[in-house]
Amino acid sequence: MPKLFKKVLVANRGEIAIRIIRALHELEIEAVAVYSDADRGSSHISLADEAYPLGDPVASESYLNIPKIIEIAKRARVDAIHPGYGFLSENDEFAFACEELGLTFIGPSPEVMRLMGDKVASRETMVKAGVPVVPGTTEAIRSLPQAKKISQKLGYPIVVKASAGGGGKGMRVVSQEKELEKSLAAAGREAKAAFGDETVYIEKYLEGPHHIEIQILGDTQGKVIHLFERECSIQRRHQKVIEESPSPYIDDKLRGKICKVALQAAKAIKYTNAGTFEFLVDKKKNFYFLEMNTRMQVEHPITEMVTGVDIVKLQIKIAEGYPIPFKQKEIVQKGHAIECRIYAEDPLNNFLPSPGKILSYRIPQGPFVRLDSYLYLGCEIPIYYDPLIGKLCVWGASRKEAVHRLSRVLKEFVIQGIRTNLIFHRQVVQMKHFTQGKYDTHFIDEEFKTPKTKPSQPLRNMVLAAAAVDAYKKTKASLAFVQEEFHMSPWLREGRVESLRHFNRGVF
Ligand code: MV4
């Protein structure tokens with residue numbers, strides 16, 4: 001019998017805390033927010049029904065502080081906790097602590113979370129489930145001779161990865177045997193520092209693959225469905241920047257195969273709630289399981305836009321014990337959605353974080369435009385957490401319409417007071433490889449590589465746009481010049497003259 005939630009604690013901050021609070025309110029469930037000192041005025045607090053301070057801004061003392069969050073959950077007498085993504089969302093100890101207290105953790109079981117968080121064990125589990133995995137080891141690397149033997153058999157290049165990690169942290173590509181010992185040591189050190197576990201494994205390195213992920217949902221009655229794929233190959237230093245659904249790289253036949261395998265994998269581990277299977281798809285359209293994320297994803301809105309399914313509300317209903325209320329064949333992809341992640345970073349200063357206060361902004365609007373963000377006037381973007389401010393998403397009846405709509409909204413979107421990567425997105429959406437949908441995981445590196453000789457045109461455009469705005473600001477140059485030259489509103493403020501110095505020094 002479903003257990004109806006009356007009150008749920010949202011153990012997160014920023015745009016995803018707001019997204020979850022909104023889903024709870026649409027289900028007529030009270031939302032409890034938590035916030036650190038750095039988020040004292042943040043907008044997720046004002047949207048919640050109750051809010052409790054976590055104190056110290058440092059994540060380990062606040063949003064990662066299990067005893068503090070559990071104590072607040074007890075004090076607020078909540079029925080469940082939604083972890084969002086990041087922070088404690090894949091922490092099996094936290095999920096277990098919730099269950100121990102009779103609180104529902106809105107996500108998979110601690111056991112499945114632990115299994116899929118161990119990348120070596122998850123690969124072994126997928127092999128047993130008949131899921132194709134990237135060629136490599138299903139055991140940890142324990143010695144250099146063992147690593148050499150495996151790498152010789154796989155053939156270079158290989159990649160060393162952290163078993164306790166994911167998302168590229170601790171990843172080292174090795175092109176020849178003489179680099180192997182140093183790379184193993186470096187990967188182990190980084191894994192230990194990032195995850196407290198130096199265990200590493202080895203895979204064959206696939207050149208220029210696509211990063212395709214399948215959204216999965218499983219209910220507590222054993223039913224599992226997929227919500228098709230997301231293309232996530234546009235990444236910068238293993239941080240996803242632009243995602244889209246459907247993928248322009250895969251056709252319906254391949255889509256059906258990958259989704260079928262993802263369902264097979266989810267059933268094999270009796271997965272419940274929302275999860276994502278990540279695959280690499282090579283140039284011959286072979287696909288391989290990469291890793292699984294046992295949580296909701298940043299980029300879930302594009303799946304919601306093309307399928308019409310509210311993933312967060314479905315997570316909550318599944319956690320209450322309801323069955324998934326539709327059949328797989330009722331789920332169709334309609335149109336095309338693209339997401340741009342808006343970061344408080346300065347693309348003209350090597351994408352360094354750009355904390356500060358939002359002095360003014362203009363939100364893009366219009367048909368089929370969605371902005372999930374925690375922006376508000378005077379909002380302080382703190383330095384303590386991931387610099388994601390929000391996600392700008394568009395839907396179009398075709399990819400072409402979605403790209404045109406995205407280009408329009410990126411021009412309309414203005415944020416003043418901090419530096420953002422909007423100027424970067426405006427360049428990307430004009431690039432031929434992007435507009436034609438012909439890109440892979442090397443796209444950013446290739447298009448924006450540090451200039452050895454003549455800098456790439458996109459880089460020049462970004463710097464010139466920044467210089468123009470600086471010229472406008474500093475010399476009050478005529479508005480006509482700025483608009484005519486760069487078709488941008490005078491509201492725009494990006495970059496600064498010293499960026500030119502960086503640029504001239506070839507630093508990017
Ligand atoms: C790979 C790979 C090629 N071969 N593994 C894993 C974490 C994710 N963020 C990147 N991952 C990759 N794992 C093997 N065996 C390619 C990627 C990859 C990638 C690598 C470098 C630069 C950008 C990338 C974007 C997506 C995927």
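Start at 1 and go down the list; that is how both ligands and their atoms are numbered. Just so we're clear, the structure is a prediction, and the values are computed from it rather than from any experiment. In what follows, every heavy atom counts, from backbone to side chain, and hydrogens, waters and symmetry copies are set aside.
Residues of the protein with a heavy atom under 4.0 Å from ligand 1 are Val134, Val159, Lys161, Gly167, Gly168, Met171, Glu203, Lys204, Tyr205, Leu206, Pro209, His211, Gln235, His238, Leu280, Leu290, Thr441, listed by chain and number.
Lys240 pairs by the salt bridge (Lys or Arg N to Asp or Glu O under 4.0 Å) definition with Glu213, Glu278, Glu299, not counting sequence neighbours. Taking the side-chain contact (heavy atoms from CB on, under 4.5 Å) definition, one finds that Gln328 meets it with Ile225, His226, Leu263, Ile331, sequence neighbours left out. The salt bridge (Lys or Arg N to Asp or Glu O under 4.0 Å) test applied to Arg114 returns Asp92, not counting sequence neighbours.
Between His210 and Tyr249, the angle of the ring planes stays under 30°, which puts this pair in the parallel group of the 30/60° scheme.
Partner of Glu203 under the salt bridge (Lys or Arg N to Asp or Glu O under 4.0 Å) criterion, out of Lys119, Arg123, Arg172: Arg123 alone.
Seen from the ring of Phe368, Arg405 does not count as a face-on cation partner, given the 6.0 Å and 45° thresholds.
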